[in-house]
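Here, residue 1 is the first one in the sequence, and each next residue gets the next number.
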Amino acid sequence: MLNALGFRIERKRSSLHLAGTGVFVTRGRAPKGSIVAMYPGTIYQVDEPIFFQSIRNPFVFRCIDGVLIDGNDRALSKTVYRSCSGRDRLGPFGLSDCSWLTSDPVNPLAVGQYVNNCSNEKAANVCYQEYDVPEGFPLELRQFLPNVNYRADTQRPLRCVVLVSLREINCGEELFSNYYTIVH
């Protein structure tokens with residue numbers, strides 16, 4: 001990651017009191033406007049059931065259009081993701097990455113669910129950007145996307161959410177999000 005992007009991020013104990021895990025730039029620096037993380041998980045369209053998975057789950061992200069992403073890497077959410085990911089294959093190609101459910105993800109950006117919200121003490125340095133994967137996206141690269149649709153026959157493109165740096169983020173800094181997206 002350091003060689004390709006010029007920075008590396010890692011999950012560590014957050015600098016915010018009682019916040020649990022956070023995400024830090026641990027090597028290099030992330031330039032303004034860089035994709036610094038991805039929000040992994042199962043994608044639920046507005047009409048799909050998520051009740052049981054959402055109980056006591058702080059990792060459900062709501063997109064502007066009501067689409068939900070369950071980024072919990074434990075319990076029922078983990079089981080649902082693995083099941084949907086195993087279902088979605090095209091010949092030898094997996095269509096999603098399950099490694100974000102482990103402590104050593106293949107896609108090192110797939111830790112966005114651990115980015116804490118900004119606070120009065122810590123200003124936002126990243127924001128969310130929703131992105132629908134285009135139909136022509138290379139099949140051999142889908143295996144690195146940490147998202148999967150809950151329903152196999154979803155008629156919408158795969159939704160991804162990335163976190164984009166609002167300013168240069170230096171080594172040692174924790175990522176803090178603000179819930180707004182970039183408008184072009």
Side-chain angles (χ1 to χ4, degrees), residues 1-2 4-44 50 53-64 67-82 84-85 96-131 144-148 158-182:
M1 182 175 185
L2 181 62
L5 301 176
F7 64 92
R8 187 166 106 192
I9 58 171
E10 292 179 31
R11 290 179 280 193
K12 297 182 357 183
R13 182 162 199 70
S14 178
S15 61
L16 288 178
H17 182 64
L18 300 175
T21 303
V23 177
F24 292 79
V25 174
T26 57
R27 303 232 3 234
R29 74 178 74 140
K32 179 181 179 179
S34 299
I35 293 175
V36 295
M38 297 180 75
Y39 201 100
T42 306
I43 311 300
Y44 293 86
I50 189 174
Q53 298 91 310
S54 69
I55 296 172
R56 299 188 70 195
N57 183 350
F59 296 105
V60 177
F61 180 90
R62 179 180 300 277
C63 296
I64 291 172
V67 169
L68 301 174
I69 302 176
D70 180 3
N72 195 345
D73 56 6
R74 297 188 262 300
L76 180 58
S77 298
K78 180 178 185 174
T79 302
V80 168
Y81 186 91
R82 280 193 188 279
C84 293
S85 181
S96 59
D97 174 25
C98 282
S99 70
W100 69 272
L101 299 167
T102 70
S103 60
D104 191 28
V106 170
N107 178 346
L109 295 174
V111 295
Q113 77 276 34
Y114 286 105
V115 172
N116 289 303
N117 294 326
C118 63
S119 67
N120 290 335
E121 297 82 34
K122 306 284 186 174
N125 54 13
V126 299
C127 68
Y128 298 103
Q129 177 63 55
E130 299 170 13
Y131 176 75
F144 300 111
L145 296 180
N147 300 97
V148 65
L158 181 68
R159 171 69 50 88
C160 288
V161 173
V162 297
L163 287 91
V164 178
S165 57
L166 295 171
R167 60 170 177 78
E168 185 175 272
I169 304 171
N170 295 307
C171 183
E173 286 190 76
E174 184 172 0
L175 304 182
F176 292 105
S177 65
N178 197 346
Y179 191 79
Y180 64 87
T181 58
I182 299 169

Answer yes or no: is there a side-chain heavy-atom contact under 4.5 Å between [X] and [Y]?
X	Y	answer
E130	I64	yes
I43	V67	yes
V80	Q53	yes
V60	I50	yes
L175	L163	no
V164	V162	yes

side-chain hydrogen bond (donor to acceptor under 3.5 Å, both in side chains) pairs, two or more places apart, involving residues 10-24: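 The answer is R8-E10, E10-T26, S14-N116, S14-E174, S15-E174.
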In short, side-chain hydrogen bond (donor to acceptor under 3.5 Å, both in side chains) pairs touching residues 31-40 with sequence neighbours left out are none
Heavy-atom closest pair, residues [X] and [Y]:
X	Y	result
E173	E168	OE2-O, 4.2 Å
C63	V161	SG-CG2, 4.0 Å
F59	R74	CE1-NH2, 4.3 Å
V36	S165	CG1-CB, 4.1 Å
L158	L145	CD2-CD1, 4.1 Å

Using modelled atom types and a 3.5 Å cut-off, is there a donor and acceptor pairing between side-chain atoms of [X] and backbone atoms of [Y]?
X	Y	answer
N125	F176	yes
S77	D73	no
N107	F144	yes
S99	V106	yes

Heavy-atom neighbours of L5 CG exceed 12 at 6.0 Å: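 Yes, the 6.0 Å shell around CG holds more than 12 heavy atoms from other groups.
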Counting only heavy atoms not in R27, do more than 12 sit closer than 6.0 Å to its CZ atom?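 Result for CZ/R27: open.
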Value rounded to 0.5 Å, distance of [atom1] in [X] from [atom2] in [Y]:
X	Y	atom1	atom2	result
S177	Y114	OG	OH	15.0 Å
I9	C171	CD1	SG	13.0 Å
N178	Y128	CG	OH	9.0 Å
C84	N147	SG	CG	12.0 Å
R62	L68	CZ	CG	5.0 Å
I69	C160	CD1	SG	7.5 Å

From CA spacing to verdict: side chain to side chain contact (heavy atoms under 4.5 Å, CB included), M1, F7: CA-CA 7 Å; M1 182 175 185; F7 64 92; 3.5 Å; yes
Are a donor atom and an acceptor atom from the side chains of T42 and D70 found within less than 3.5 Å of each other?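 No - no donor-acceptor pair under 3.5 Å links their side chains.
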Over 60° means perpendicular and under 30° means parallel, so tell me whether Y81 and W100 are parallel, tilted or perpendicular. perpendicular
